[in-house]
Amino acid sequence: MCGIVGYIGSKPAREIIINGLKRLEYRGYDSAGLALSNGETKIFKCKGRVQDLEEMVSKTSFNGSMGMGHTRWATHGEPNELNAHPQASVKGKFIVVHNGIIENYATLKKHLEGRGVIFSSQTDTEVLANLMEHLYIEGDLSAEQAISMALNRVEGAYGLVIICSEEPDKLYAAKKGSPLVIGVGEGENFIASDATPIVEYTQRVIYLNDDDLAIIKKDELILKTLRTEQKTPEVREIDLKIGEIDKEGFTHFMLKEIFEQPRAIHDTFRGRVLPDHSGIMLGGLHDVLEIMSQSERIILIACGTSWHAGLIGEYLFEEYTRIPVEVEYASEFRYRNPIIRKGDIVLAISQSGETADTLAAVKLAREKGAKVIGICNVVGSSIPRETDAGVYTHAGPEIGVASTKAFTTQVTVLAMMAFEIGHLRGIVSDQLYKSMITELVSIPGKIEKALGVNDQALELAKVFQERQNALYLGRGYLFPVALEGALKLKEISYIHAEGYPAAEMKHGPIALIDENMPVVVVATKDDTYEKIINNIQEIKARKGKVIAIVTEGDEIISKMADYVLPVPETIPALSALLAVIPLQLLSYHIAVLRGCNVDQPRNLAKSVTVE
Ligand code: G6P
């Protein structure tokens, strides 16, 4: 993970880098640092957040017109000042910020130690800086040659920005596996892990590819491969507005993103649903839709919340397309020699488009001959660039580490795909197809209503904020919602929570139920409604405290449960989009009441670019 920002131009680099790092803190936030150069290069770093770094550098007047910064999510070495980036080589000739893992760092380190290098940190990055310096001095190479040669020797993943202290007019940037984007300005250039630190200065960007090496001056940009072949940079215009990455009056990004869901889902289907609701057009699937509709198996791969969306995808695809579906954790899929047959479709779901395990699983699936389709949010990220086709969710930047609008927009895309393919296969009739599209179009308005439980969720949070455990139950489409509700609670409030299929409760979790155990039952009306009423009775018989998510107007469960949070009625296939809203709000308020850092929970990161 980790976030990287670099700047070269005529403006004071310090402020640009600090502001940029604040935008990238979702990528990691256990230590931060920056290097500034005005001929002389100085490094500042500290344990803690970017704000701590800002306070530290505000005590000096040192600035520069070139620099680079880093916000870290520790992999090698505990989060402290020594292990924070930038990491410099022993003689100070190479200064490096790095996102990723150098897998053969131990071998390289031993080799360099044998040649007298004394390391001061536990990081793999310091090894890289010293390898460059070693090649530069001992091999009498230019900085560019030393960098290329060093990178040809390393195994692993990296997004790197490098300063050679003897070349104070340029930044070097290189990428393999971890994302880097260059912002092209007038007399200035930027480099960052994603476009969010760049968009307030320029909308013109270049996405680096694996094995690219960029040499960035303030008014010149040279792009090469690591084998020093010259490349022509492909400059793209991005459409990302600065307002989209501000809190806009909300106390946290997570709350803003929860409340943004009606708009986000509307953006997901906007332009993809015919005005008379008679059809869905997913432009990104134009060339593969026929192949998808004839596929013999669909394998969904994802991690975290996106995997929960994938589970809902399984229910949707099997119900409406009758194509067999498997849902896999990307990390498991890639390491167990999966069987991919001709005619299989692999669907990768990822908000960031950068999750290392999902990206590696995508590459593996393609190598094995599968058609690979992506569902991603971040435009231009690595997964959409590695897949055969795909659909963007258009949720807008999601900054809160706990995913909310990414989840509901992913489910929206999966529903559109399932309805469309089901219709193409003749399983979904014209009438059903049209009625489901009409229902989908009504979802933003219904979420708006579901958000009306915010005050009730806060009151409930006050009751349950001190609990140490919680159980979440659901059936059918609502089982993945239970998993997602439990994940939200544990991620941001550090309360242990488990999601379970409601019927499985009697095979274990029922033993945990007593008067102290909050049990959140996702029980909106669908085919399993009667069954879940029985499950609620079983909990009540054991004195569990039931918080039920119900369909508006439900009188039966309202009488049985201790607390209810109602959502509007919809069809079962879309019920997750509404039922998840109260669960997001409940975990948000509990975390706030417990004094947790909602947007940046401990140990987590938004974009997990290490495996
Ligand atoms: C991290 C994030 C989660 C996210 C998961 C997968 O763990 O904290 O919110 O669901 O990665 O991320 P992706 O970007 O692939 O959806």
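Order of listing sets the numbers, starting from 1, for every ligand and every atom in it. Just so it is clear, the structure is predicted and the values come from calculations on it, not from any experiment.
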What residue and atom, counting heavy atoms only, is the protein's closest point to [atom], and at what distance?
atom: atom 7 (O) of ligand 1; result: V608 CG2, 3.8 Å
atom: atom 15 (O) of ligand 1; result: T355 OG1, 2.4 Å
atom: atom 8 (O) of ligand 1; result: A605 O, 2.9 Å
atom: atom 5 (C) of ligand 1; result: C303 O, 4.0 Å

May I ask you to decide if the ring planes of [X] and [Y] are parallel, tilted or perpendicular, using 30° and 60° as cut-offs?
X: F190; Y: Y201; answer: parallel
X: H266; Y: F269; answer: perpendicular
X: H70; Y: H85; answer: parallel

Please report the C-alpha distance between K256 and E260 in whole Å, then the side-chain angles of each, then the deciding distance to 0.1 Å, and finally whether the salt bridge (charged side-chain N to carboxylate O under 4.0 Å, His left out) criterion is met. CA-CA 6 Å; K256 175 194 165 213; E260 251 174 14; 3.3 Å; yes

Distance-only N or O hit between ligand 1 and [X], under 3.5 Å:
X: T305; answer: yes
X: S350; answer: yes
X: V401; answer: yes

At a 4.0 Å threshold, what atoms of ligand 1 neighbour a non-hydrogen atom of [X]?
X: S403; answer: 9 (O)
X: S306; answer: 10 (O), 13 (P), 16 (O)
X: Q351; answer: 13 (P), 14 (O), 15 (O), 16 (O)

Give me the one residue out of E318, E326, E328 that meets salt bridge (Lys or Arg N to Asp or Glu O under 4.0 Å) with R297.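 Going through the options one by one, the only one that passes is E326.
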
Using a 4.5 Å cut-off on heavy atoms from C-beta on, say whether the side chain of W307 contacts that of L483.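 Side-chain contact under 4.5 Å: yes.
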
Does atom NZ of K371 have more than 12 heavy-atom neighbours from other groups under 6.0 Å away?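 Counting neighbours around NZ of K371, 12 or fewer heavy atoms of other residues, nucleotides or ligands fall under 6.0 Å, so no.
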
